[in-house]
Amino acid sequence: MVDLPATIDGSTKIMGVIGDPIAQVMTPTAINPIFAARGANIVCLPLHIGAQELETAWAGLKALRNLIGFGITLPHKQAALPLCDSLDPLAERVGAVNLVRRETDGSFKGYQFDGKGFVRGLKRQGHTVTGRHCLMIGAGGAAIAIAFALAEEGAASLIIANRTRQKAEELAEAVNRVAGRSFARAEMSGQTHTASGLIVINATSLGLSASDPHPFDAGLIDETMLIAEVIAKPEVTPLLEAARRRGAQIHSGIHMIHGQIDLIAAHMAA
Ligand code: NDP
């Protein structure tokens, strides 16, 4: 059951979440009780917008004066970048936006909370990131945000393995440049090397569907590792099930959402 403002009235503000598909989004369920608890007269709703309609819909969103902003999910995170009137430096660095807020002058500014959400989610579950060696599968929007956040949190190293190796190489270079240290390196997906004590992160979309293959060879998992997901639905992916069977600690993508939702609520209600 979703907590909504005590009364939805003429002064209720609207926050959207845009994406395609949209039925899987968990932001409204997670953020509406936070708005209600804060006494904020804001309601968050899913808005189903396809890639072809993004620009048209954007103009419509801008015209809705009681819309305070919107979360952004697949496939719009990168496409939204040039549509924003301004960008927070982190969103610019990551090259993807997961939140747009209407600023006091009416302009739309793009923000990025995914990386912070992932790291906060781990820490809230009692996991240490600082000083840890990490392996991440994927180099798309979520992976880029996570790579920068791991470097900022002081993780010891990051191997990035991606189907398209060039994207992993570009990401490793960009993160090393910003971090000012030799932190990340690229590896070919499918030739992944693992070591004990690793934090292994699935930052691909593999696992959304039960018929997907594992993002990497689950036979490499041992009980010293922490296997973390970006996928929140299903809460326990086939990879996490396999990791649990092999005695590893597991960490659902749901924690990445909860790790950023309070920050987003505070940002929108400010
Ligand atoms: P992108 O499309 O930007 O990136 C997808 C990544 O998955 C790429 O690295 C891509 O590899 C890889 N990939 C896709 N299909 C395959 C395949 N068949 N075999 C191997 N690799 C594959 O998506 P996002 O980064 O935006 O999203 C990725 C996932 O993260 C989604 O499931 C999304 O729901 C989830 N997510 C969860 C969040 C949370 O709060 N829990 C927040 C943000 C995202 P390649 O580069 O070769 O194409």
Side-chain angles (χ1 to χ4, degrees), residues 17-31 46 51 71-81 90-91 94-99 110-122 124-125 135-149 158-172 174-175 184 186-192 200-218 227-240 250-265:
V17 183
I18 67 167
D20 180 28
I22 198 70
Q24 81 291 349
V25 292
M26 300 177 83
T27 302
T29 316
I31 208 166
I72 303 185
T73 188
L74 282 170
H76 304 310
K77 285 186 179 182
Q78 274 113 347
L81 212 71
L90 181 60
V94 169
V97 171
N98 83 329
L99 184 76
Y111 295 88
Q112 173 54 253
F113 286 90
D114 280 335
K116 206 171 275 180
F118 181 77
V119 167
R120 283 177 94 229
L122 279 175
R124 283 178 167 190
Q125 292 302 304
L135 163 66
M136 180 172 69
I137 321 298
I144 295 170
I146 290 170
F148 282 105
L158 174 66
I159 296 170
I160 305 167
N162 192 47
R163 177 178 61 178
T164 310
R165 185 182 171 126
Q166 195 191 338
K167 281 167 67 180
E169 283 171 355
E170 286 169 4
L171 176 55
V175 173
E187 207 170 69
M188 196 70 189
S189 179
Q191 296 164 13
T192 316
V200 184
I201 303 149
N202 173 36
T204 75
S205 40
L206 291 175
L208 278 175
S209 160
S211 58
D212 286 343
H214 288 320
F216 71 103
D217 179 4
I227 312 299
E229 268 288 359
V230 292
I231 292 172
K233 224 176 188 179
E235 195 167 331
V236 179
T237 60
L239 175 69
L240 293 187
I250 65 167
H251 181 82
S252 169
I254 194 95
H255 303 301
M256 182 172 173
I257 296 176
H258 291 305
Q260 60 182 302
I261 206 75
D262 55 332
L263 297 178
I264 289 176

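Numbers here are sequence positions counted from 1. In listed order, ligands and their atoms are each counted from 1.
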Sequence-distant partners of D262, side chain to side chain donor-acceptor pair (under 3.5 Å), two or more places apart: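 Partners of D262 under the side chain to side chain donor-acceptor pair (under 3.5 Å) test: R120, R124.
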Which residues share a side chain to side chain donor-acceptor pair (under 3.5 Å) with N202, sequence neighbours left out: T204, E229
Polar side-chain atom of Q112 near backbone of A96 as donor-acceptor pair, under 3.5 Å: yes
N162 side-chain N/O to K167 backbone N/O, donor-acceptor pair under 3.5 Å: no
Contact residues of ligand 1 (heavy atom under 4.0 Å), by chain and number: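 Within 4.0 Å of ligand 1, the protein residues are L74, K77, D114, G138, A139, G140, G141, A142, N162, R163, T164, K167, A203, T204, S205, L206, L208, V230, I231, G253, M256, I257, Q260.
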Test side-chain contact (heavy atoms from CB on, under 4.5 Å) applied to P46 and T27, V25, T29, the passing residue: V25
Which residues share a ring-ring contact (aromatic ring centres under 6.0 Å, His included) with Y111, sequence neighbours left out: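 Result, ring-ring contact (aromatic ring centres under 6.0 Å, His included) vs Y111: H267.
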